[in-house]
Trainee: 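Following this message is one structure expressed as structure tokens.
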Amino acid sequence: MSEEKYIMAIDQGTTSTRAIIFDKKGKNLVSYQKELTQHFPHSGWVEHDAMEIWNSVQFVMAGALIELGIKPQQIAGIGITNQRETTIVWDKETGKPIYPAIVWQSRQTSEIADQLIKDNYGEMIHEKTGLVIDAYFSATKVRWILDHVAGAQERAENGELLFGTVDTWLVWKLTHGAVHVTDYSNASRTMLYNIHSLEWDEEILELLSIPKVMLPEVRSNSEIYGYTESLNFYGGEVPISGMAGDQQSALFGQMAFEQGMVKNTYGTGSFIVMNTGEKPQLSGNNLLTTIGYGINGKVYYALEGSIFVAGSAVQWLRDGMRMIKTAADSEAAAAASDNENEIYVVPAFTGLGAPYWDPNARGAAFGMTRGTTREDFIKATLQSVAYQVRDIIDTMCLDSGIEIPLLKVDGGAANNDFLMQFQADILNTPVQKAADLETTALGAAFLAGLGVGYWKDLDEIKSFNETGQTFSPQMPEDKRENLYAGWQEAVAATQVFKHK
Ligand SMILES: Nc1ncnc2c1ncn2[C@@H]1O[C@H](COP(=O)(O)OP(=O)(O)O)[C@@H](O)[C@H]1O
Ligand SMILES: O=P(O)(O)OC[C@H](O)CO
């Protein structure tokens with residue numbers, strides 16, 4: 001009797017690593033998770049131990065197999081999805097990183113980014129990569145490592161060092177150093193990749209003195225990149241057949257295959273991504289143009305708005321302000337606020353992302369009176385997430401000329417009904433939750449399953465479509481616009497105060 005086969009997705013996120021096993025109907029059967037240590041060596045720096053990332057992946061893969069009670073040989077394909085931009089440089093011979101992974105949120109390379117802006121490279125880099133110059137992307141992080149580790153530049157030039165984002169690092173480790181690849185979606189977040197010619201950009205590489213020999217080969221999002229080395233995977237040689245950055249993977253998992261479809265993932269940050277079809281569309285309003293996915297010889301582009309602080313504002317209410325015990329408590333507290341005197345919280349803790357890109361802004365609260373309560377403050381913090389999403393969706397509609405009929409949502413904070421209802425109200429657009437909020441992993445599983453023929457095509461995948469609750473707008477127009485105008489004033493006032 002032949003044994004049933006499954007697809008495994010590895011979701012290597014900023015705060016945790018998960019392995020999730022899906023069946024033939026795209027159903028999530030088991031999810032196994034491990035938290036990841038966050039290192040903050042200096043103010044504004046965020047680093048991970050790349051070996052801990054790798055160990056956590058092995059741990060969750062084993063855990064998921066054991067929990068489901070299946071053998072590695074029953075995995076038809078593995079899909080990898082990952083925190084994007086996070087940068088690792090390692091020694092090709094020893095397989096050891098030469099410096100910790102510099103995490104996407106880290107600001108330690110902002111001086112390099114500022115210099116590029118001062119030297120007027122903004123337009124050239126935007127045109128070629130679709131990105132806005134910022135320390136967020138991998139390019140300045142690679143430069144920083146080559147500058148700060150003794151002898152690294154020379155060793156990189158000699159071909160002794162390799163660079164990779166987390167996807168690349170994991171495939172390299174899983175294949176025991178045999179395969180050094182990335183995919184279109186991750187490459188498009190490095191600020192080194194030309195999204196039009198689909199090549200590493202020689203001019204940018206030269207500008208930053210990054211040797212091309214250390215870069216991975218860029219491949220599609222769904223194909224066999226290599227096989228797990230049997231020692232790494234308990235005797236199993238399993239194809240690794242799908243790969244995408246986590247936000248693009250969520251777009252795929254939400255089945256946003258058509259031009260104009262938009263998803264928003266409410267995690268630590270919040271990332272709104274619109275499928276814009278087969279032609280890259282450069283934003284005139286500071287959104288990012290990025291590659292959504294490339295499959296069957298076609299590349300699909302996307303517009304993205306990145307909000308750095310979303311669910312982490314709720315963590316701040318819990319751990320910093322100590323106003324709530326759990327993130328979920330924020331829902332009842334916000335619903336209990338009946339103050340007509342609305343206050344605004346602008347959670348610009350690490351500056352403001354899209355569409356403002358103001359690295360020097362810092363958090364602020366406005367409109368408080370003697371009557372303002374804890375509940376009002378919690379409500380305003382949740383509302384700040386929804387207002388930031390509106391800032392981006394409005395900009396996206398302007399840039400793309402596309403009206404958004406529906407916002408598909410997922411991620412941890414999408415569990416908050418108060419936030420979802422307010423989101424629908426402030427956008428005046430229905431908000432539809434995914435049936436299973438692990439959409440990021442589902443996207444990687446779909447890509448991996450398509451890559452090995454486990455699923456035939458997109459039509460088969462579309463037949464699994466199941467949606468969760470939909471929140472319909474209920475707020476009167478004048479109230480919506482008054483509230484939003486107040487938010488815009490609050491953001492403008494926040495930007496007047498500059499962090500020294
Ligand atoms: N019910 C809730 N209400 C508001 N925020 C929540 C709720 N549940 C989780 N969160 C927030 O969502 C985030 C976790 O979501 P997750 O998708 O796991 O994030 P990530 O992938 O970035 O680690 C945390 O920042 C947490 O504060
Ligand atoms: O790990 P997440 O879910 O917080 O996502 C991080 C993003 O990919 C950063 O661009």
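Just follow the structure's listing: the first ligand is 1, and inside any ligand the first atom is 1.
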Trainee: If we set the cut-off at 4.0 Å for heavy atoms, which region of Ala310 has an atom near ligand 1: side chain, backbone, both, or neither?
Mentor: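 Near ligand 1, Ala310 shows nothing, with every heavy atom at 4.0 Å or more.
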Trainee: Does Gln315 have a heavy atom less than 4.0 Å from any atom of ligand 1?
Mentor: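 Yes.
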Trainee: Distance to 0.1 Å, residue and atom name: give those for the protein heavy atom nearest to atom 1 (O) of ligand 2.
Mentor: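 Residue, atom and distance for the closest contact: Thr14 OG1, 2.6 Å.
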Trainee: Kindly confirm or rule out an N or O of Asn415 lying under 3.5 angstrom from an N or O of ligand 1.
Mentor: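 Among all N and O atoms of Asn415, none is under 3.5 Å from an N or O of ligand 1.
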Trainee: Can you tell me which residue and heavy atom of the protein come closest to atom 23 (O) of ligand 1, and the distance to 0.1 Å?
Mentor: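 That would be Thr15 OG1, 2.5 Å.
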Trainee: So, does Trp54 use its side chain to make a donor-acceptor pair with the main chain of Lys173 at under 3.5 Å?
Mentor: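 No, Trp54 side chain to Lys173 backbone: no donor-acceptor pair under 3.5 Å.
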Trainee: Number the atoms of ligand 2 from 1 as they appear, then name those within less than 4.0 Å of a heavy atom of Tyr136, with their elements.
Mentor: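 Per the distance check, 9 (C), 10 (O).
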Trainee: Between Ser185 (side chain only) and Gly245 (backbone N and O only), is there a donor and an acceptor less than 3.5 Å apart?
Mentor: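 Yes, Ser185 side chain to Gly245 backbone: donor-acceptor pair under 3.5 Å.
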Trainee: Say whether, by atom type as modelled, one donor and one acceptor occur between the side chain of Lys263 and the main chain of Phe271 under 3.5 angstrom.
Mentor: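 Checked: pair present.
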Trainee: As an exercise, identify every atom of ligand 2 less than 4.0 angstrom from a heavy atom of Gly13.
Mentor: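 Those qualifying, in numeric order: 1 (O).
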Trainee: Can you report which non-hydrogen protein atom sits closest to atom 22 (O) of ligand 1, along with the distance?
Mentor: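 Closest protein heavy atom to atom 22 (O) of ligand 1: Thr268 OG1, 2.5 Å.
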Trainee: Please check whether Gly412 reaches ligand 1 - meaning an N/O of the residue sits under 3.5 Å from an N/O of the ligand, judged on distance alone.
Mentor: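 There is such a contact, yes.
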Trainee: Report, in ascending order of atom number, the atoms of ligand 1 lying under 4.0 Å from any heavy atom of Ser312.
Mentor: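 The list of qualifying atoms is 25 (O).
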Trainee: Is Ser16 in contact with ligand 1, taking contact as a heavy-atom separation below 4.0 Å?
Mentor: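 No; Ser16 lies far enough from ligand 1 that no heavy-atom distance drops under 4.0 Å.
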Trainee: Pairs of nitrogen or oxygen atoms closer than 3.5 Å, one from Gly269 and one from ligand 1: do any exist?
Mentor: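 By distance alone, the answer is no.
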Trainee: Suppose I only count heavy atoms of Ser330 and a 4.0 Å limit; which atoms of ligand 1 are within that range?
Mentor: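 Checking each atom against Ser330, I get 3 (N), 4 (C).
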Trainee: Could you tell me if Thr373 and Asp376 have a donor-acceptor pair between their side chains, going purely by distance under 3.5 Å?
Mentor: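 Checked: Asp376/Thr373 side chains pair up, N/O donor to acceptor below 3.5 Å.
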Trainee: Using a 4.0 Å cut-off to any heavy atom of Glu85, which atoms of ligand 2 qualify?
Mentor: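 Answer, ordered by atom number: 9 (C), 10 (O).
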Trainee: Would Asn82 count as a polar contact of ligand 2, with the cut-off being nitrogen or oxygen pairs under 3.5 Å?
Mentor: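 Asn82 vs ligand 2: no N/O contact under 3.5 Å.
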Trainee: Nearest protein heavy atom to atom 4 (C) of ligand 1, by residue and atom, and its distance?
Mentor: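 Nearest protein contact, heavy atoms only, for atom 4 (C) of ligand 1 is Asn416 ND2, 3.5 Å.
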Trainee: How many angstroms lie between atom CZ of Arg390 and atom CZ of Phe422, to the nearest 0.5 angstrom?
Mentor: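 Here the interatomic distance stands at 10.0 Å.
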Trainee: Could you go step by step and tell me if Ser249 and Thr440 meet the side-chain hydrogen bond (donor to acceptor under 3.5 Å, both in side chains) rule?
Mentor: CA-CA 5 Å; Ser249 191; Thr440 300; 6.0 Å; no
Trainee: Examine distances only and state if a side-chain atom of Glu52 and a backbone atom of Asp49 form a donor-acceptor pair shorter than 3.5 Å.
Mentor: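 Looks like no, no N/O pair under 3.5 Å.
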Trainee: Give a yes or no on whether the backbone of Ser283 and the side-chain of Asp399 come within a donor-acceptor separation of less than 3.5 Å.
Mentor: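 Judged by distance alone, no pair lies under 3.5 Å.
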Trainee: Do any N or O atoms from the side chain of Tyr300 and from the backbone of Glu258 form a donor-acceptor pair under 3.5 angstrom?
Mentor: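 No, because the side chain of Tyr300 does not come within donor-acceptor range (under 3.5 Å) of the backbone of Glu258.
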Trainee: Before giving the answer on side-chain hydrogen bond (donor to acceptor under 3.5 Å, both in side chains), spell out for Arg84 and Thr165 the whole-Å C-alpha distance, their side-chain angles and the decisive distance to 0.1 Å.
Mentor: CA-CA 7 Å; Arg84 305 167 306 166; Thr165 38; over 6 Å; no
Trainee: Is the Tyr193 ring parallel, tilted or perpendicular to the Trp200 ring (thresholds 30°, 60°)?
Mentor: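 If you compare the ring of Tyr193 with that of Trp200, the planes turn out perpendicular.
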Trainee: Starting from atom 18 (O) of ligand 1, locate the nearest protein heavy atom and write down its residue, its atom name and how far away it is, to 0.1 Å.
Mentor: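 Answer, as residue, atom name and distance: Arg18 NH2, 3.4 Å.
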Trainee: Can you tell me which portion of Ala413 lies within the under-4.0 Å heavy-atom range of ligand 1? Options are side chain, backbone, both, or neither.
Mentor: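 For Ala413, the contact with ligand 1 is made by both the backbone and the side chain.
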Trainee: Nearest protein heavy atom to atom 8 (O) of ligand 2, by residue and atom, and its distance?
Mentor: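 Going by distance alone, atom 8 (O) of ligand 2 is nearest to Asp246 OD1, 2.5 Å.
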Trainee: Taking heavy atoms and a distance under 4.0 Å, where does Gln33 meet ligand 1: side chain, backbone, both or neither?
Mentor: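 For Gln33, no heavy atom sits under 4.0 Å from ligand 1.
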Trainee: Just checking Gln469: does its CD atom have more than 12 heavy atoms from other residues, nucleotides or ligands closer to it than 6.0 angstrom?
Mentor: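 Yes - once you tally the heavy atoms of other residues, nucleotides and ligands closer than 6.0 Å, there are more than 12.
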Trainee: Donor-acceptor pair, His180 side chain versus Gly164 backbone, under 3.5 Å?
Mentor: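 Pair absent, no side-chain N/O of His180 close to backbone of Gly164.
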Trainee: So, does Gly13 sit close enough to ligand 1 that a heavy atom of it is under 4.0 Å from the ligand?
Mentor: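 Outside the 4.0 Å threshold, so no.
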Trainee: Starting from atom 1 (N) of ligand 1, locate the nearest protein heavy atom and write down its residue, its atom name and how far away it is, to 0.1 Å.
Mentor: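 For atom 1 (N) of ligand 1, the nearest protein heavy atom comes out as Ala328 CA, 3.5 Å.
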Trainee: Which atoms of ligand 1 sit under 4.0 Å from any heavy atom of Gly411?
Mentor: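 Matching atoms, with element in brackets: 17 (O).
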Trainee: So which protein heavy atom does atom 27 (O) of ligand 1 come closest to, and at what separation?
Mentor: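 For atom 27 (O) of ligand 1, the nearest protein heavy atom comes out as Gly311 O, 3.0 Å.
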Trainee: Heavy atom of Glu35 under 4.0 Å from ligand 1?
Mentor: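 No; Glu35 lies far enough from ligand 1 that no heavy-atom distance drops under 4.0 Å.
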Trainee: Give the intermediate values and the outcome of side-chain hydrogen bond (donor to acceptor under 3.5 Å, both in side chains) for residues Ser337 and Lys379.
Mentor: CA-CA 7 Å; Ser337 159; Lys379 178 175 81 172; 3.3 Å; yes
Trainee: Quick one: does Gln388's side chain have a donor or acceptor within less than 3.5 Å of a partner on Pro347's backbone?
Mentor: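 It does not hold such a pair.
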